[in-house]
Amino acid sequence: MATQDGSEGVTMETEAKLNEAEPLGEDVEKADAEAACHTDAGNATTQDSSISNGDDADDNQETVDLKIIWNKNKYDLKIAVDSTGAKLKERIHSLTGLPPAMQKVMYKGLLPEDKTLREIKITNGAKIMVVGSTINDVLAVNTPKEVIQQEVKAEENKKEPLCRQKQHRKVLDKGKPEDIMPAVKGAKERLPTVPLSGMFNKSGGKVRLTFKLEQDQLWIGTKERTEKVPMGSIKNVVSEPIEGHEDYHMMAFQLGPTEASQYWVYWVPTQFVDAIKDTVLGKWQYF
């Protein structure tokens, strides 16, 4: 019964508001579930941000930052210091599209594929020079280098030893140059950072060889002038030990399609012969 001051109406209104404010039990569970979903989603977002996308595979290893220079282009590359030269070539392939077999990778000479960057003493910020052309460029060459090399080798097998031939004897009979670089018989070393000097050319004049890896050039220097020869134009490199002085070689750089274009150098230290051939010819013989 309502009183004159309306107290009963106030009581009923209060109870209705309390019922509206108090959620049902299933609504509480639903709210808790939604809150849990938001929490799980936040955790999932945090976990996803830490998943590797494959680019940071070396993050847990000691790495070096390198500057790769190829065809006047520069690339930044981060790689594990214990990666081999072969692995470096694969990474260069991913950067440049140049197949590993077509690469001549230079760091103080031709980079060995079987040694690690740590063994080669490559340091942070080192510049790595890459020389090479696409397969299409190689196929476009009229006379492949490997064909010329085989022909030259066949001709050499038919002839007497080079050092006994009259044209070479007139230089070799002058004897060993006084300022020739020391030789180590039976050893194989990478190219030195300084030019190879103190040698003779075919006319008996002094000659030095400078390998400009960053320009892919061989500089042949004499007293009169310096010839800057692109390594890609050198068709073949032949050499032979000098009889009685097997710690030194005589060596020819074939600058054209025939033997008439050979540039002869005498008294090349034997420990650098393989490095010279690898630096000039690279792995072209595989194509």
Side-chain angles (χ1 to χ4, degrees), residues 55 57-58 61-135 137-138 145-146 149 181 184 186-196 209-219 228-234 236-237 239 249 251 253 268-287:
D55 294 335
D58 297 330
Q61 305 179 45
E62 182 182 353
T63 61
V64 287
D65 292 317
L66 306 178
K67 292 285 186 182
I68 308 299
I69 302 174
W70 173 69
N71 199 22
K72 298 183 180 179
N73 296 317
K74 296 182 180 180
Y75 306 85
D76 292 322
L77 174 61
K78 182 178 182 180
I79 188 171
V81 73
D82 290 314
S83 299
T84 62
K87 176 64 176 178
L88 176 60
K89 282 191 168 185
E90 292 176 5
R91 295 292 299 275
I92 292 173
H93 180 204
S94 67
L95 286 175
T96 64
L98 188 65
M102 300 292 291
Q103 299 174 22
K104 283 199 294 184
V105 182
M106 311 290 187
Y107 179 75
K108 298 180 179 179
L110 195 68
L111 189 82
E113 293 188 4
D114 57 342
K115 292 187 177 181
T116 66
L117 308 187
R118 189 190 301 276
E119 292 174 320
I120 304 170
K121 300 186 180 349
I122 291 184
T123 56
N124 215 36
K127 292 183 179 180
I128 307 298
M129 303 295 174
V130 180
V131 178
S133 301
T134 63
I135 294 177
D137 291 336
V138 176
K145 287 188 175 184
E146 68 273 14
Q149 293 171 26
M181 298 179 70
V184 183
K188 293 183 180 180
E189 297 182 8
R190 301 172 67 184
L191 290 177
T193 56
V194 298
L196 298 179
L209 301 177
T210 305
F211 295 87
K212 292 289 184 178
L213 304 181
E214 67 279 5
Q215 300 175 35
D216 195 31
Q217 292 180 345
L218 170 60
W219 289 13
K228 300 179 180 180
V229 183
M231 291 189 193
S233 69
I234 300 175
N236 195 33
V237 180
S239 68
H249 278 228
M251 176 175 286
F253 299 94
V268 179
T270 187
Q271 69 267 26
F272 299 130
V273 169
D274 285 345
I276 292 173
K277 291 181 178 180
D278 287 344
T279 299
V280 173
L281 301 176
K283 293 185 178 294
W284 291 97
Q285 60 265 32
Y286 292 120
F287 291 87

Asker: Do the side chains of Leu95 and Trp70 get nearer than 4.5 Å, heavy atoms only?
Answerer: no
Asker: Answer whether the closest heavy-atom distance between the side chains of Ile276 and Met251 falls below 4.5 Å.
Answerer: yes
Asker: Taking all non-hydrogen atoms of both residues into account, name the closest pair between Met106 and Leu110 and its distance.
Answerer: SD-CD1, 3.9 Å
Asker: For the NZ atom of Lys89 and the CZ atom of Arg91, what is their distance to the nearest 0.5 Å?
Answerer: 16.0 Å
Asker: Rounded at 0.5 Å granularity, tell me how far CG in Leu196 sits from CG in Leu191.
Answerer: 6.5 Å
Asker: With rounding to the nearest 0.5 Å, note down the distance linking NZ in Lys78 to CG in Asp65.
Answerer: 6.0 Å
Asker: Are the side chains of Leu98 and Ile92 in touch, meaning some heavy atoms are under 4.5 Å apart?
Answerer: no
Asker: So Ile122 and Ile128, do their side chains get closer than 4.5 Å, heavy atoms only?
Answerer: yes
Asker: Give me the atom names and distance for the closest heavy-atom approach of Tyr107 to Lys127.
Answerer: CD1-O, 3.8 Å
Asker: How many angstroms lie between NZ in Lys277 and CZ in Phe272, if you round to the nearest 0.5 Å?
Answerer: 15.5 Å
Asker: Could you measure the distance from the NZ atom of Lys67 to the CG atom of Leu77? Nearest 0.5 Å is fine.
Answerer: 11.0 Å
Asker: Can you tell if the side chain of Leu88 reaches within under 4.5 Å of the side chain of Leu66, non-hydrogen atoms only?
Answerer: yes
Asker: For Leu213 and Lys108: C-alpha separation, side-chain torsions, deciding distance, then whether side chain to side chain contact (heavy atoms under 4.5 Å, CB included) applies.
Answerer: CA-CA 8 Å; Leu213 304 181; Lys108 298 180 179 179; over 6 Å; no
Asker: Could you give the distance from CD (Glu119) to CG (Asp114), rounded to the nearest 0.5 Å?
Answerer: 8.0 Å
Asker: Would a 4.5 Å heavy-atom cut-off, applied to side chains only, mark Phe211 and Leu218 as touching?
Answerer: yes
Asker: Compare all side-chain heavy atoms of Asp216 with those of Lys212 and state whether any distance is below 4.5 angstrom.
Answerer: no
Asker: Does the distance from a Lys or Arg side-chain N to an Asp or Glu carboxylate O, for Glu62 and Arg118, drop under 4.0 Å?
Answerer: yes
Asker: Test side chain to side chain contact (heavy atoms under 4.5 Å, CB included) on Ile79 and Val64; report intermediate values, then the result.
Answerer: CA-CA 6 Å; Ile79 188 171; Val64 287; 4.0 Å; yes
Asker: Is there side-chain contact between Val81 and Thr116, with heavy atoms separated by less than 4.5 Å?
Answerer: no
Asker: For Lys87 and Asp82, indicate whether the former's side chain and the latter's backbone hold a donor-acceptor pair under 3.5 Å.
Answerer: no
Asker: Checking side-chain contact (heavy atoms from CB on, under 4.5 Å) against Arg190, which of Asp278, Thr279, Ile120 comes through?
Answerer: Ile120
Asker: If you compare all heavy atoms of Thr270 against all heavy atoms of His249, which two are closest, and at what distance to 0.1 Å?
Answerer: OG1-NE2, 3.3 Å
Asker: Give a yes or no answer on whether the side chain of Gln271 reaches the backbone of Glu189 with a donor-acceptor pair at less than 3.5 Å.
Answerer: no
